Structure formats: structure tokens, C-alpha cells
Chemist: 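Structure below; questions to follow.
Values in this document were obtained by computation on a predicted structure and should not be read as measured data. One-based numbering along the sequence shown.
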Amino acid sequence: MNEFELIARHFSRPTPSALLGVGDDAAIVRPTPGHDLHVSVDMLVEGRHFFADVSPEALGHKTLAVNLSDMAAMGARARWALLSLALPEADEAWVAGFARGFYALAARHGVELIGGDTTRGPLTLSVTVFGEAPAGQALRRGAAQAGDDIWVSGELGLGALAVRQRLAWFEVSDAALLAEATRKLEYPQPRLELGQRLLSLAHAAADVSDGLLADLGHILKASGVGAEVWADELPSLPAVETDRRRWLDCLAAGGDDYELVFTAAAASRQAIEAAGRAAACRVTRIGRIVAGQGASLLGADGHPLTLKKAGYDHFSG
Ligand code: ADP
Ligand code: MG
């Protein structure tokens with residue numbers, strides 16, 4: 001199978017919302033009037049972002065999910081995607097599985113694949129996503145204010161738990177917990193609906209991909225403020241909650257969460273709870289923005305806790 005057959009067979013589903021999709025020299029789209037276009041790209045490399053034996057379907061899902069998560073963090077609706085693939089070989093079954101996972105998630109969020117690039121090389125996947133939000137309304141990292149509440153969506157630490165178990169850093173004896181954690185690692189669900197519902201409510205937002213404290217740190221830096229984060233409030237599953245201290249590293253700094261961390265005025269608490277219910281997504285208040293800089297993680301007694309590392313950084317450690 002050559003490159004063109006591969007694209008025609010697996011990456012050419014209809015794109016009714018684009019003026020021109022896969023097959024020409026460029027795709028053509030027309031953003032909704034009165035909206036700003038949001039653009040973001042993310043790359044996944046074997047051995048660094050995923051284990052070599054992960055199923056192609058999960059990889060197709062995750063390649064798109066990590067990009068949609070960035071749109072969610074802006075409060076944008078995701079609309080179109082470009083897919084760049086470097087493949088060691090044209091393994092048809094593998095490509096079919098990858099496309100299945102990719103398109104299933106795309107369909108769920110009304111995203112259309114309108115083009116890409118395909119080449120032979122060490123397995124590398126990159127998606128560029130285009131989204132839109134009403135003009136001037138995006139959730140930027142630099143808009144947190146002292147006195148804001150800090151919120152997080154969903155559960156934290158599970159993806160990191162699955163990675164650490166896999167690397168044999170520690171053992172997870174609870175099989176149901178491990179299955180749930182692996183599911184979260186391989187099939188993260190981007191919080192697009194919640195993000196859009198937060199547009200008029202939240203001040204600043206970011207998605208948690210490198211670890212809560214690291215990604216919250218980006219908000220703090222961009223906003224010129226500090227934060228206190230309450231370790232005992234970090235949301236996870238009941239099975240994890242029985243041994244919270246042991247998982248604190250995963251919860252606060254593990255990464256691979258693809259949840260949203262955001263800040264909002266205390267007056268918005270009820271509206272944010274309602275937005276979470278409407279989006280069928282747990283939302284938890286985990287701290288507050290203060291004057292100063294950096295985040296302090298506080299234990300139940302109010303004393304600061306320290307972690308080995310605030311989050312994942314590709315060029316250190
Ligand atoms: P070019 O030679 O201009 O780079 P290509 O031959 O790479 O064009 O691609 C032909 C068409 O197929 C283009 O419309 C391109 O966007 C699309 N395409 C290539 N790879 C992919 C892919 N992995 N997924 C979706 N569309 C793709
Ligand atoms: Mg090309």
C-alpha cells in the first residue's frame with residue numbers, strides 16, 4: 001500500500017464543515033463570524049509520550065485528545081485538525097486501528113480531519129487543531145487575580161499512577177484501580193464542554209498535562225500571582241484516597257491528567273458547580289490565588305509540604 005492509498009483509505013472521511021478537506025494542496029475552512037480562531041499543535045514520540053506496545057486505537061485517541069485538551073483550556077470549541085504521521089512501515093492493521101481511535105474521539109466532539117502529512121520514519125504523531133471561541137473571550141493563563149478560587153476538573157493522579165506502575169516504580173495491588181488508571185492514561189477525555197461553559201465564569205485556565213503544580217505554575221507566572229493549594233482537597237478516586245500521602249506525588253505533580261485547572265472569583269462558586277453538573281464533570285475547589293509568586297502545597301494542618309518535583313519537563317531529569 002502506498003502513501004496515497006493509505007490516506008485515501010484511512011484518513012479521508014467526509015468533512016462537511018470545511019470548504020475543502022483532504023486531497024488538495026491545502027484545506028479551506030471558514031471560521032464562524034464574530035469568533036477568534038485558536039490554533040495549537042502537539043507531538044507524541046514513541047518511548048517518550050507512550051509505551052511502544054500501546055494499542056493503535058488508544059494512540060489514535062490520545063494523539064487527538066491531548067490537542068483537544070488545549071482547546072478546552074482556552075474555552076474554545078474544537079473544529080478542525082491536521083494530522084502528521086511518521087510511520088516505520090505501512091502496517092495497514094495498525095493504521096486502521098489508529099484511525100478508528102482518532103475518528104471516534106473526533107466524532108464525539110464534532111472535529112473534522114481536513115489534512116495532514118504522511119512519511120516513513122520513527123513513529124511520531126503530531127496533530128494541529130483549530131478551534132474557535134467568541135471574539136475576545138478566551139481563557140488565558142495571565143488572567144488569575146489574588147483572591148480567586150482555584151478549581152480542577154475530574155480526578156488527578158491516575159495517569160501518573162498507571163505510568164509508575166508500568167515502570168515498576170511502585171506496585172498497585174488494587175486491580176480495579178489499576179484498570180481505571182490505565183484507561184485514564186490511554187483514553188484521556190478532553191474537557192471541551194466544561195471549558196466552553198467556563199468562558200464567562202473563569203478568569204484563567206490551563207490544562208494539566210505535565211502535573212498540577214507545574215501547569216498551575218504557568219498560570220501563576222503569567223498572572224504575576226502566587227497560590228496556596230490544599231493537598232487534602234486534590235480530587236481522586238476513593239481507592240487512592242485511602243493512601244493519599246503515598247500518591248501525593250501523582251496527584252500534585254504526576255502529569256498525564258488532561259484535566260483543567262482554572263481560577264475564578266468566589267462569587268462564581270455556584271455557577272461553576274452548575275457548569276460542572278451541566279458538563280457531567282466533577283469540579284473541585286483546591287486552593288486560592290494569593291499575592292506573591294509560586295504555589296505552596298499545604299497539608300491539613302496548614303503546613304507546607306514538599307514534593308520531589310513539581311512536574312514533568314522534557315529537558316530536565
Ligand atoms: P503534499 O505533497 O502537498 O504535501 P501530500 O501528498 O502530502 O500533499 O498529501 C495529499 C493530501 O492528503 C493533502 O490534502 C494532505 O492534507 C492529505 N494528507 C496527507 N497525510 C494525511 C494524514 N495523515 N491525514 C489526513 N490527511 C492527510
Ligand atoms: Mg505532504
Chemist: So for atom CG, which belongs to Asp25, do other residues, nucleotides or ligands contribute more than 12 heavy atoms lying within a distance under 6.0 Å?
Modeler: no
Chemist: I'd like to know whether Leu125 forms a side chain to side chain contact (heavy atoms under 4.5 Å, CB included) with Ser84, so could you lay out the CA-CA distance, the side-chain angles of the two residues, the decisive distance to 0.1 Å, and finally the verdict.
Modeler: CA-CA 6 Å; Leu125 313 151; Ser84 288; over 6 Å; no
Chemist: Counting only heavy atoms not in Glu5, do more than 12 fall under 6.0 Å of its CD?
Modeler: yes
Chemist: Any sub-3.5 Å donor-acceptor pair from Asp36's side-chain atoms to Gly136's backbone N or O?
Modeler: yes
Chemist: Can you give the donor-acceptor pairs under 3.5 Å from side chains of residues 193-205 to other protein atoms, not counting sequence neighbours?
Modeler:
| from | atom 1 | to | atom 2 | distance (Å) |
| --- | --- | --- | --- | --- |
| Glu193 | OE2 | Arg197 | NE | 3.0 |
| Glu193 | OE2 | Arg197 | NH2 | 3.0 |
| Gln196 | NE2 | Leu192 | O | 3.1 |
| His203 | ND1 | Asp148 | OD1 | 3.0 |
| His203 | ND1 | Asp148 | OD2 | 2.8 |

Chemist: Donor-acceptor pair, Ser69 side chain versus Ala65 backbone, under 3.5 Å?
Modeler: no
Chemist: Counting only N and O atoms by type, is there a donor-acceptor contact under 3.5 Å from the side chain of Asp215 to the main-chain atoms of Ser209?
Modeler: yes
Chemist: Which pairs pass salt bridge (charged side-chain N to carboxylate O under 4.0 Å, His left out) with one or both residues in residues 120-131, sequence neighbours excluded?
Modeler: none
Chemist: Counting C-beta onward and ignoring hydrogens, is there a side-chain heavy-atom pair between Trp80 and Glu112 closer than 4.5 Å?
Modeler: yes
Chemist: Checking Leu260 against Val152 for the side chain to side chain contact (heavy atoms under 4.5 Å, CB included) test, could you report, in this order, the C-alpha distance in whole Å, the side-chain angles of both residues, the deciding distance, and whether it holds?
Modeler: CA-CA 6 Å; Leu260 299 184; Val152 74; over 6 Å; no
Chemist: Say whether, by atom type as modelled, one donor and one acceptor occur between the side chain of His109 and the main chain of Ala78 under 3.5 angstrom.
Modeler: no
Chemist: Go through the structure and list residues passing salt bridge (Lys or Arg N to Asp or Glu O under 4.0 Å) with Glu228, not counting sequence neighbours.
Modeler: Arg288
Chemist: Between the main-chain N or O of Leu6 and the side-chain N or O of His10, is there a donor-acceptor pair closer than 3.5 Å?
Modeler: no
Chemist: Do Trp94 and Leu87 make a side-chain contact, defined as non-hydrogen atoms from C-beta onward lying under 4.5 Å apart?
Modeler: yes
Chemist: Flag the pair Val225 / Gln293 as yes when at least one side-chain heavy-atom distance between them is below 4.5 Å, and no otherwise.
Modeler: no
Chemist: Which atoms form the tightest heavy-atom contact between Cys250 and Arg164, and what is the distance?
Modeler: SG-CD, 3.7 Å
Chemist: Given salt bridge (charged side-chain N to carboxylate O under 4.0 Å, His left out), test Asp256 with Lys62 step by step and report yes or no.
Modeler: CA-CA 10 Å; Asp256 259 312; Lys62 188 158 178 175; 2.8 Å; yes
Chemist: Please name the residue in the list Ile286, Val283, Thr284, Thr263 that meets the side chain to side chain contact (heavy atoms under 4.5 Å, CB included) test with Trp151.
Modeler: Val283
Chemist: Measuring from Leu85:CG to Thr124:OG1, what's the distance to the nearest 0.5 Å?
Modeler: 9.5 Å
Chemist: Within this structure, what is the CG-CG distance for the pair Leu161 and Leu178, rounded to the nearest 0.5 Å?
Modeler: 7.0 Å
Chemist: In residues 98-108, what donor-acceptor pairs under 3.5 Å come from side-chain atoms, sequence neighbours left out?
Modeler:
| from | atom 1 | to | atom 2 | distance (Å) |
| --- | --- | --- | --- | --- |
| Arg100 | NE | Glu57 | OE1 | 3.3 |
| Arg100 | NH2 | Glu57 | OE1 | 3.4 |
| Tyr103 | OH | Phe11 | O | 3.4 |
| Tyr103 | OH | Arg13 | N | 3.3 |
| Arg108 | NH1 | Gln189 | OE1 | 2.9 |

Chemist: Taking atom NE2 of His61 and atom OH of Tyr187, what is their separation to the nearest 0.5 Å?
Modeler: 7.5 Å
Chemist: Leu177 versus Val172: any side-chain heavy-atom pair under 4.5 Å?
Modeler: yes
Chemist: For the backbone of Leu156 and the side chain of Ser236, can you confirm whether one donor and one acceptor N or O come within less than 3.5 Å of each other?
Modeler: yes
Chemist: Please determine whether residues Leu113 and Val129 belong to a single hydrophobic cluster, defined as Ile, Leu, Val, Met, Phe, Trp and Tyr linked transitively by side-chain heavy-atom distances below 4.5 Å.
Modeler: yes
Chemist: Go through Leu59 and Leu123 one step at a time and tell me if the side chain to side chain contact (heavy atoms under 4.5 Å, CB included) criterion holds.
Modeler: CA-CA 11 Å; Leu59 200 53; Leu123 186 56; 4.3 Å; yes
Chemist: Quick check: do Asp207 and Val261 have side-chain heavy atoms less than 4.5 Å from each other?
Modeler: no
Chemist: Does Glu259 offer a backbone N or O that forms a donor-acceptor pair with the side chain of Asp257 under 3.5 Å?
Modeler: no
Chemist: In this structure, would Ile150 and Leu139 fall into the same cluster of hydrophobic residues linked by side-chain contacts under 4.5 Å?
Modeler: no
Chemist: Check this for me: does any side-chain nitrogen of one of Lys184 and Glu155 sit under 4.0 Å from a carboxylate oxygen of the other?
Modeler: no
Chemist: Is there a side-chain contact between Arg30 and Ser17 in this structure, where contact means two heavy atoms from C-beta onward sitting under 4.5 Å apart?
Modeler: no
Chemist: From Leu248 CG over to Leu234 CG, what is the distance, rounded to the nearest 0.5 angstrom?
Modeler: 6.5 Å
Chemist: If you group Ile, Leu, Val, Met, Phe, Trp and Tyr by side-chain heavy-atom gaps below 4.5 Å, do Val290 and Leu212 land in one group?
Modeler: no
Chemist: Which residues satisfy the side-chain contact (heavy atoms from CB on, under 4.5 Å) test with Ala76, sequence neighbours excluded?
Modeler: His38, Met71, Met74, Ala133
Chemist: Is Leu237 reachable from Leu185 through a run of I, L, V, M, F, W or Y residues, each pair having side-chain heavy atoms under 4.5 Å apart?
Modeler: no
Chemist: When you check the gap from the basic side-chain N to the acidic O, do Arg166 and Asp53 get nearer than 4.0 Å?
Modeler: yes
Chemist: Is any side-chain heavy atom of Val127 closer than 4.5 Å to a side-chain heavy atom of Leu82?
Modeler: no
Chemist: If we ignore hydrogens and angles and just use 3.5 Å, is the side chain of Ser223 paired with the main-chain N or O of Ala144 as donor and acceptor?
Modeler: yes
Chemist: Hey, does the side chain of His35 reach the backbone of Pro33 with a donor-acceptor pair shorter than 3.5 angstrom?
Modeler: yes
Chemist: I need the full list of ring pair (Phe, Tyr, Trp, His ring centres under 6.0 Å) pairs touching residues 206-225, with sequence neighbours left out, sorted by first then second residue.
Modeler: none
Chemist: Counting N and O atoms only, with roles assigned by atom type, does the side chain of Asp24 sit under 3.5 Å from a partner on the main chain of Ala26, one being a donor and the other an acceptor?
Modeler: no
Chemist: Would you say Leu220 ends up clustered with Phe262 if hydrophobic residues are merged whenever their side chains have heavy atoms under 4.5 Å apart, either directly or through other cluster members?
Modeler: no
Chemist: Report yes if some heavy atom in the side chain of Leu305 is under 4.5 Å from a heavy atom in the side chain of Leu298; otherwise report no.
Modeler: no
Chemist: Using every non-hydrogen atom in the two residues, find where Asp149 and Ala265 come nearest and quote the distance to one decimal.
Modeler: OD2-O, 4.1 Å
Chemist: To the nearest 0.5 angstrom, please state how far the CD atom of Gln137 sits from the CD atom of Glu132.
Modeler: 12.5 Å
Chemist: Are Leu297 and Thr306 close enough, and set up right, to give a side chain to side chain contact (heavy atoms under 4.5 Å, CB included), and what steps lead you there?
Modeler: CA-CA 7 Å; Leu297 186 64; Thr306 44; over 6 Å; no
Chemist: Over all heavy atoms of both residues, which pair between Ala160 and Gly254 is shortest? Give the atoms and the distance, please.
Modeler: CB-CA, 3.5 Å
Chemist: To the closest 0.5 Å, what do you measure between CG (Asn67) and OH (Tyr258)?
Modeler: 9.0 Å
